[in-house]
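Worksheet: the structure to be examined is printed underneath.
Only a predicted model underlies this, so the values are computations on that prediction, with no experimental measurement involved. Naming: A, B, ... by sequence-line order, numbering from 1 per chain.
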Amino acid sequence: MEKFHSFDEIKRSLENRETDCKTIVQYYLNNIKTKAHLNAFVEVYEQSALAKAEEIDEKLASGKAGKLAGMVVGIKDVLCLTAHTVNASSKILEGFESQFTSTAVQRLIEEDAIIIGRLNCDEFGMGSSNENSVHGKVLNDADNTRVPGGSSGGSAVAVQANLCTTSLGTDTGGSVRQPAAFTGIVGIKPTYSRVSRHGLIAYASSFDTIGVFSRNIKDNALVLETIAGPDDYDSTVSRKSVPQYSTLLHFGKPVKIAYLKETIDSKALQPEIKEQTLSVLEKLKQEGHKIEEVNFPLLEYVLPTYYILTTAEASSNLSRFDGVKFGYRTPNAHNLESMYKLTRSEGFGEEVKRRIMLGTFVLSASYYDAYFTKAQKVRRLIKDFTEDLLNKYDYIIMPTTPSTAFKFGEHSNDPVAMYLEDMFTVQASVSGVPAISIPNGVDEKGLPIGLQIMANSYKEADLYAFANYLTASN
Amino acid sequence: MLSEDIKEKYELVIGLEVHAQLLTVSKMYNADSTEYGNMPNTNVSVITLGHPGTLPKVNKMAVEYAIKMGIACNGEITRHNIFARKNYFYPDLPKGYQITQDKGPICVGGHVPIFINGEQKSIALTRIHMEEDAGKSMHLAGEVDTLVDFNRAGVPLIEIVSEPDLRSSEEAYAFLVEIKKLVRYLDICDGNMEEGSLRCDANISIRKKGDTELGKKVEVKNMNSFRNVVRAIEHEFERQVQMMEDGIEIDSETRNFDGPTGTTSSLRSKENLNDYRYFPEPDLSPVVVSEEWLQAVKSEMPALPRELFDKFVNQYGLPDYDAGVLTDSKEIALFFEELCTKTDNYKAASNWMMGPVKSYLNELTLHISDFPIKPEQVAELIALIDDGKVNFSVASQKIYPELLRDKHKRPYQIAQDLNLIQESDEGSIKPIIESVIAENAAKVEEYKSGKKGLLGMFMGQVMKKSQGKADPKVASKILTELLGD
C-alpha cells in the first residue's frame, strides 16, 4: 500500500476517490501492529477509529466533512478523552477513566480528525528519554537501542514510524521539541497560553503547553490552528484570535536572525550538531538574511530556574493524587497518614518523587525566598531578555539538543546529566515564546539532528513560514 | 478561681478571623451549585473533585460580594487580584490545596465600628480575602471509614481578619454582631453561625496593663456560636492569666474549643504548624477590578446599618436606642423607612415598630417578611390617633389585632365597624357629663369643697357611660367647666 507522507497526500487521495478513511485507518492500524515493539501506543482505539472512519466517509460522500477528515491522530497519555483511560504513564492513575474531553482533542474531533490511540510518555511529562513510564520505555525507530527523547516519546515515534498522521504532545521544558529532534520530525511548542490546557494533566501549569508532531510544516500548522484559541474552561488561555497558519506559509523577505554564542560554543554540544547548525546559518547568510551572534549570559541560569519553578508547581499539582478520590490507593494502609504515604510512595515513580521532593523543598518557608522567589525574578530576566532580543531579531536559531538520541540507561544514574538534555529548549519554556524543532540532517551514526527556531510570542505564523522555507530549501 | 484583683492587672487582646460563606448560586471556581442540604456528593463536578486536567475559573459574583464587604468596611479595594495556593493534605480538600489569596487580598485595611454601652469604638481590619471552602468529613456511627461529602468543597468564602484591637469578650461579641449585620444588609451571606455560614477563629493573648508589646497569641478554633466565642475568650483569659501568675510561659499554639465544658485544649503547637507553601496560583489569570466595575458595584450598594442609624437619629430625631433597635435587622429598617414615607410622626412610627409590631413577630417567631400588615396601614393607625379618632390603647388593642386577622381591612373602617371612633363633639358629650354630675351630687359637693382628686372618678364615669368613645381632652374640658371652680 501507498505510504501517506502528508495530509495533503491523504486529502488528494480522498478527493480522487483512490482511498477512503477506513482504508487509511486500517493502514495505520497495520503499521501499529508491525511496529508494536516500539511501544509507542499504550492503547489503540481500533474499533472506535474504524467506526469513526466509516462515519466520516459518509460525511465526505455528502460533502459535509470537517477540514481534518482523513487525518489520523494519536494523543499523549496526559490528554483526557471522555470515557477513556488516561494514566499520565503513572501507576497512581491506574484504572482512571476521564469524564471529559480536553479542549484540544475535542477541537480535532469536531473537524473530523480520527483519534487512533493513546501514546506512551514519561510519567506526568517528567523526563527526557521516555524511560520513566509505567507502560515501559519507547524505542526510537531510527535505532532501537536508543531513546526517542521525552517526555512525549510515544507521540514522536508514532509520527516517525508512520503510525498516525500527526500527534499531540505536551511541552513543559522541551518535551515536544527534543523528541522531535531525536526522531527527525517536526515538533512545535506554541506560545504559552495559545492552546487551552483544559483536559491536560498538569505537570507545571505556568509552563505546560500542548504541542504538535508532524512529518511536515503544513500538517503541523493545520493541527495547531485547529486546537488553538480562547476557551471558557481555561482562564489563562489567550483571547487573541488564531491566524490560519497553514495558509500563511509563504516566506519572501530577508530577515534578521540571532544565534546565541553560548549555545554554539557549549562544550556539551556534539560536533556534528554544531557543524550542521553553523552550515544552516551560513546558507541563510548567503541567501541575503542578516545573521548576528549574540551573547546570552543567562544561559547557565535557565535550567536551574526551570527546575525550581516547575518542581514547585508540580509538587502542588500532584497533591490531588492522594488515594482519596480516584486512581491508585494502597492496600497496605492502617490509618490516614499511612494511606497517603504508601499510596504516593507506591504510586509515583522515582523521577516524579524526586521532583515533588524538590518542589516541596523550594516552597518551604525557610527556603522560599532563596529559591522560589529568586527563580521567579530570574524567570522575569530571561523572559525580558528573550523578548527584547526577539524585538530586534525576527528569529533566534540554535540546536534543539546538545546531542542526538542517546542509549537507554545512559543517563539513568545521573539525573542532572539528563536535565542537561533540556538546556537549549527550556529558554522558550521559561520565556513562554513559541519554538519549533525541524530536522537538520543526521550525525555520523545516521541519527537525526534537530534545529530549533524561536520567534516572539504569538508569532507562530512567522515561525511556520520560516521553518517551511528552511525545510523546503534543505 | 482568680481574684478580680489579679485579673485587673492584665489586659486581654483579641483579633478575630471571620469566615463568611457567600450566597452565590455557584461555587468560587466552577459552576457547581452551592445549594445547602442536598444529598452528599451531588453538587460535584470533575472540577470540584479536582480530577486531573480540570482548571478553576473565578466566579465574578463572588468577587463582587467581596468588593461590597470591602466597601462596607471602608477598606481599599485591590485592583489587581492574584490568587494563591495553600497546600496541605486532608481528605476533604480535593486538590490537595486551597485556592485563596495570600499577597494582595481583595480588600486591604478598613474598619468596623462597634458599640459597647452606647460608646462607639472603631475596630481596624487587616484584610478581607476570597477563598474556597473545603468539603466535610463525616464519621458515622458504626462506620470504620471516614466519609467525605464534597458538596461544600469550593463554596465561596470571604475571610475578614481584624487587627488585635478587641479588648474584651463583649467587644468581640459586638464585632461579630456588626459583621453579621453587615453581611446581611449586603445580602452576601446569611450570617448563620450555627449552620456554619459564619465561622470565627479567635487569636487571643494577654499582657500586663500598660505594656505595649503583644503577648504570644493562642488561636482558638471551633466555636460555633456567638456565645461560644464569648465563653472561649473568657476561658482563655483565665487560663492565660493563671499561667502568667504561675510563671509558665505561654506558647503560640492552636487550641480547640469544647462546647460542653467551655474549655480549650491544644490542637497543635507552633513547632508542628503546617507549612502551607503558598505560591501564586498559575491556573488563574489575575482578576482586575476596573474603575467601571468598582463604580458599578458601588452604585448597587444598599444603605448600610450605620447610615440608616445616622439618618434615623439626625433626620427623624429618634433617640439612639430606637435607631439601634430599628437598624438591627435590614428588613425591619427598610419597613420602617417605608413607614416614614407615609407618616411624619416618626417617634410614633418607631414606637409602633418596637412595640406592637416586634411583639407580634417575637411571639410567633416570625420574620418581618411574614408580617401581614403593610407600612401604609400602620401609618393609617398612627393618623387615626393623631387625628383624635381613637387613642393608642384602642388602636393597639382593638384595631391592630383585627388588622392582623384580616390584612385586607383598613384601620379606619375597622374603627367605624367596631364603633370605636372617639366622640369629640361637645354637643354629644355634654349630656353624658350632665347626667354623671346629676347622679353624683354628693361627690360634686366634696369636689367643690376642695377634693379635686375626684376629677379622675368623674372622668372614669364619663368614659364608661360613653363606652370609651368620648375624646378625653374634650370631656375633661367640659367636666371642669360644669363642675365650676
Side-chain angles (χ1 to χ4, degrees), chain A residues 78-80 86-88 90 92-93 96 98-103 124 193 196-202 204-208 231-237 309 312-313 315-327 336-337 339-340 344 359-366 368 372-373 376, chain B residues 29-31 41 44-60 81-99 102-103 134-135 137 139 144-148 150 153 270 273-288:
Chain A
V78 293
L79 293 168
C80 297
V86 60
N87 300 129
S90 180
I92 204 128
L93 273 173
F96 180 75
S98 182
Q99 295 176 25
F100 67 101
T101 298
S102 56
T103 299
F124 287 102
S193 84
S196 168
R197 290 183 292 119
H198 173 64
L200 153 60
I201 299 180
S205 308
S206 76
F207 294 78
D208 289 344
D231 179 23
D232 278 347
Y233 291 106
D234 179 358
S235 76
T236 64
V237 79
L309 296 178
E313 291 182 15
S315 71
S316 174
N317 282 333
L318 271 55
S319 298
R320 67 190 63 199
F321 305 106
D322 58 3
V324 174
K325 306 156 300 273
F326 44 71
L336 179 63
E337 193 174 318
M339 194 276 281
Y340 280 144
R344 290 168 64 81
T360 306
F361 173 78
V362 299
L363 285 177
S364 64
S366 327
Y368 192 91
F372 187 75
T373 307
Q376 277 186 309
Chain B
Y29 306 111
N30 68 57
N41 296 315
V44 294
S45 66
V46 286
I47 307 182
T48 288
L49 294 175
H51 274 213
T54 56
L55 297 169
K57 194 176 179 189
V58 173
N59 180 340
K60 203 178 155 197
N81 281 275
I82 295 169
F83 292 84
R85 290 188 187 175
K86 179 181 179 178
N87 296 282
Y88 64 97
F89 285 101
Y90 205 70
D92 63 17
L93 190 70
K95 299 186 292 294
Y97 54 84
Q98 177 195 36
I99 307 178
D102 180 29
K103 290 157 192 146
S137 299
H139 307 269
V144 184
D145 293 329
T146 302
L147 303 176
V148 190
F150 290 109
K270 202 186 177 188
L273 282 185
N274 276 326
D275 181 352
Y276 290 119
R277 292 171 281 123
Y278 285 95
F279 73 100
E281 165 58 278
D283 284 338
L284 286 172
S285 46
V287 170
V288 177

Using 30° and 60° as the class limits, which term best fits the ring planes of A/F124 and A/F321: parallel, tilted or perpendicular?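 The rings of A/F124 and A/F321 sit tilted, inter-plane angle from 30° to 60°.
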With only heavy atoms counted, which part of [X] is less than 4.5 Å from chain A, the side chain, the backbone, both or neither?
X: B/D275; result: side chain
X: B/P56; result: backbone
X: B/L284; result: both

Which one of [options] has the most heavy-atom pairs closer than 4.5 Å to chain B?
options: A/V86, A/D232, A/V78, A/L79; answer: A/D232
options: A/H198, A/R197, A/Q99; answer: A/R197
options: A/F96, A/Y340, A/Y233; answer: A/Y340
options: A/V237, A/N317, A/D208; answer: A/N317

Side chain, backbone, both or neither: which part of [X] has a heavy atom under 4.5 Å from chain B?
X: A/S102; value: neither
X: A/L93; value: side chain
X: A/L336; value: side chain
X: A/L200; value: backbone
X: A/T360; value: both

Distance alone, cut at 3.5 Å: any donor-acceptor contact between the side chains of A/S364 and B/R277?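 No donor-acceptor contact under 3.5 Å links the two side chains.
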Under 3.5 Å side-chain donor-acceptor pair for B/T48 and B/N30: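 The criterion, which ignores hydrogens and geometry beyond distance, is satisfied for B/N30 and B/T48.
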Given the side-chain rings of A/F372 and B/Y278, with only the six-membered ring counted for Trp, is the space between their centroids under 6.0 Å?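 Not close enough - the centres of the two rings lie 6.0 Å or further apart.
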Which residue out of B/G50, B/P286, B/S45 racks up the most heavy-atom pairs below 4.5 Å with chain A?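 It is B/G50.
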Quick one: of B/P280, B/P94, B/P52, B/S285, who has the most non-hydrogen atom pairs under 4.5 Å with chain A?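 Most heavy-atom pairs under 4.5 Å with chain A: B/P52.
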Is it the case that B/K57 places NZ or CZ above or below the six-membered ring of B/Y29, under 6.0 angstrom from the centre and within 45 degrees of the axis?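 No.
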Between A/S316 (side chain) and A/E313 (backbone), is there a donor-acceptor pair under 3.5 Å?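 No; judged by distance alone, with no hydrogens or angles, the pair does not exist.
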Indicate yes or no: does B/D102 engage B/R85 in a salt bridge with an N to O separation below 4.0 Å.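 Looking at B/R85 together with B/D102, the answer is no, because their closest N to O distance does not fall below 4.0 Å.
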More than 12 heavy atoms of other residues, nucleotides or ligands under 6.0 Å from CZ of A/F361: is that the case?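 Above 12, so yes.
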Roughly how far apart are B/Y97 OH and B/F89 CZ, rounded to 0.5 Å?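 These two atoms lie 12.0 Å from each other.
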